[in-house]
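So the structure is just underneath, and the comments pick up after that.
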Amino acid sequence: MKICNNSKITVETTVNAPIEKVWEFWTEPKYIIKWNNASPDWHTPVAENDLRAGGKFLSRMEAKDGSFGFDFWGIYDEVKLYEIIAYTLGDERKVEITFVVQGNETKVIEIFEAETENSIELQQAGWQAILNNFKKYTEETRI
């Protein structure tokens, strides 16, 4: 994949949960594998996360029927507890996630550089679907 003229795409949601829970569910592999998919026919069987500047993360994303899969990975550029996570993907695209506390809710805003393999609309829809799954899982799951 290649960067598409540094075009940036934004997806966001507001999760009905406090920042501490949102942060934990976003960053802990035992939770990431539960919500990190764009549709029910995909899953993330493996997730690893070294959450610090210079640390690496990896999510293995696969079709449940075994027909396709890929490693989604990157290196963290910046991590500020309960505020921001910024990283560079393996293909050198930049991603920034901002967490905004709104009372007992948390707004999650992801801005990422587009790639050229898929349309902007498809990329936005896919990332938004994953974010929607995160919201649903986080709101419905007790810790």
Side-chain angles (χ1 to χ4, degrees), residues 1-101 105-143:
M1 287 184 245
K2 296 179 184 170
I3 296 173
C4 179
N5 300 322
N6 288 337
S7 296
K8 293 185 178 182
I9 301 171
T10 301
V11 294
E12 61 183 65
T13 193
T14 299
V15 182
N16 184 18
I19 185 61
E20 296 84 2
K21 181 179 181 185
V22 169
W23 187 268
E24 183 176 358
F25 277 43
W26 190 269
T27 61
E28 290 292 328
K30 68 182 179 180
Y31 298 121
I32 294 168
I33 61 172
K34 302 292 188 182
W35 59 261
N36 191 37
N37 60 286
S39 65
D41 53 337
W42 279 77
H43 67 148
T44 299
V46 175
E48 300 170 1
N49 197 16
D50 182 9
L51 187 64
R52 61 179 176 82
K56 181 180 178 181
F57 71 88
L58 167 82
S59 294
R60 176 70 188 166
M61 302 176 86
E62 296 179 353
K64 287 183 179 176
D65 67 5
S67 63
F68 187 74
F70 62 93
D71 290 341
F72 183 83
W73 68 275
I75 304 293
Y76 290 111
D77 300 314
E78 180 182 13
V79 177
K80 285 186 184 174
L81 183 65
Y82 302 147
E83 293 179 28
I84 191 167
I85 297 173
Y87 56 84
T88 302
L89 290 168
D91 62 7
E92 300 184 5
R93 292 182 297 135
K94 300 285 189 180
V95 179
E96 183 175 293
I97 304 129
T98 306
F99 300 84
V100 181
V101 176
E105 296 181 329
T106 306
K107 187 172 191 176
V108 180
I109 305 161
E110 279 189 281
I111 301 171
F112 63 97
E113 292 178 333
E115 40 90 353
T116 58
E117 201 172 296
N118 298 290
S119 71
I120 297 288
E121 295 78 18
L122 186 62
Q123 292 175 69
Q124 185 169 25
W127 284 58
Q128 185 67 54
I130 293 170
L131 192 55
N132 292 346
N133 277 347
F134 170 76
K135 171 185 170 67
K136 183 177 189 293
Y137 178 76
T138 303
E139 290 178 349
E140 292 177 353
T141 304
R142 292 187 175 272
I143 50 175

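In this chain, numbering begins with 1 at the start of the sequence shown.
A pairwise comparison of heavy atoms in I120 and A114 identifies CD1-CB, 3.5 Å as the closest pair. The two residues W23 and K80 come nearest to each other via the heavy atoms CH2-O, 3.4 Å. Scanning both residues, A47 and P29, for their nearest heavy atoms gives O-CB, 3.3 Å.
Using a 4.5 Å heavy-atom threshold, the side chains of Y137 and N132 count as separate. Residues D77 and K94 have side chains in contact (heavy-atom distance under 4.5 Å, counting atoms from C-beta outward). Using a 4.5 Å heavy-atom cutoff, the side chains of F99 and W26 are in contact. At least one side-chain heavy atom of Y76 sits less than 4.5 Å from a side-chain heavy atom of N49. Put simply, the side chain of V95 reaches to within 4.5 Å of the side chain of L89, judged on heavy atoms. T106 is not listed as a side-chain neighbour of V100, based on a closest heavy-atom distance of 4.5 Å or more. Two residues are said to be in side-chain contact when any heavy atoms from C-beta on lie closer than 4.5 Å; V108 and V22 meet this criterion. At least one side-chain heavy atom of N37 sits less than 4.5 Å from a side-chain heavy atom of N133.
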Enumerate, atom names and distances included, each donor-acceptor pair closer than 3.5 Å involving a side-chain atom of residues 11-21, sequence neighbours excluded.
residue, atom, partner, partner atom, Å
E12, OE2, K107, NZ, 3.2
K21, NZ, T138, O, 2.7
K21, NZ, T141, O, 2.5

Mind listing the side-chain donor-acceptor pairs of residues 52-68 below 3.5 Å, one per line with the distance, residues two or more places apart or on another chain?
residue, atom, partner, partner atom, Å
R52, NE, D50, OD1, 3.2
R52, NE, D50, OD2, 3.1
R52, NH2, D50, OD2, 3.0
R60, NE, E62, OE2, 3.1
R60, NH1, D71, OD1, 3.2
K64, NZ, P40, O, 2.9
D65, OD1, S67, N, 2.8
D65, OD1, S67, OG, 2.7

Report task. List the steps and the verdict of side-chain contact (heavy atoms from CB on, under 4.5 Å) for T10 and I109. Result -> CA-CA 7 Å; T10 301; I109 305 161; 3.9 Å; yes
**Report entry** Check against side-chain contact (heavy atoms from CB on, under 4.5 Å), E83 and T98
**Finding:** CA-CA 6 Å; E83 293 179 28; T98 306; over 6 Å; no
Requested in this report: Would you please test T27 and I85 for side-chain contact (heavy atoms from CB on, under 4.5 Å) and show each step?
Outcome: CA-CA 10 Å; T27 61; I85 297 173; 3.9 Å; yes
Requested in this report: Mind running side-chain contact (heavy atoms from CB on, under 4.5 Å) on K8 and F112 for me, showing each step along the way?
Outcome: CA-CA 5 Å; K8 293 185 178 182; F112 63 97; over 6 Å; no
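Between the Q123 side chain and the E115 main chain, a donor and an acceptor come within less than 3.5 Å of each other. Looking at E96, its side chain never comes within 3.5 Å of a backbone N or O of I111 through a donor-acceptor pair. Under a 3.5 Å cut-off, the side chain of T44 and the backbone N or O of N36 do form a donor-acceptor pair.
Checked against the 6.0 Å centroid threshold, F134 and F25 do not count as a close aromatic pair.
Taking CD1 from I33 and CD from E28, the interatomic distance works out to 11.5 Å, rounded to the nearest 0.5 Å. I9 contributes atom CD1, which lies 6.0 Å from atom CD of Q124 (distance to the nearest 0.5 angstrom). I32 CD1 to E48 CD: the interatomic distance, rounded to the nearest 0.5 Å, is 10.5 Å.
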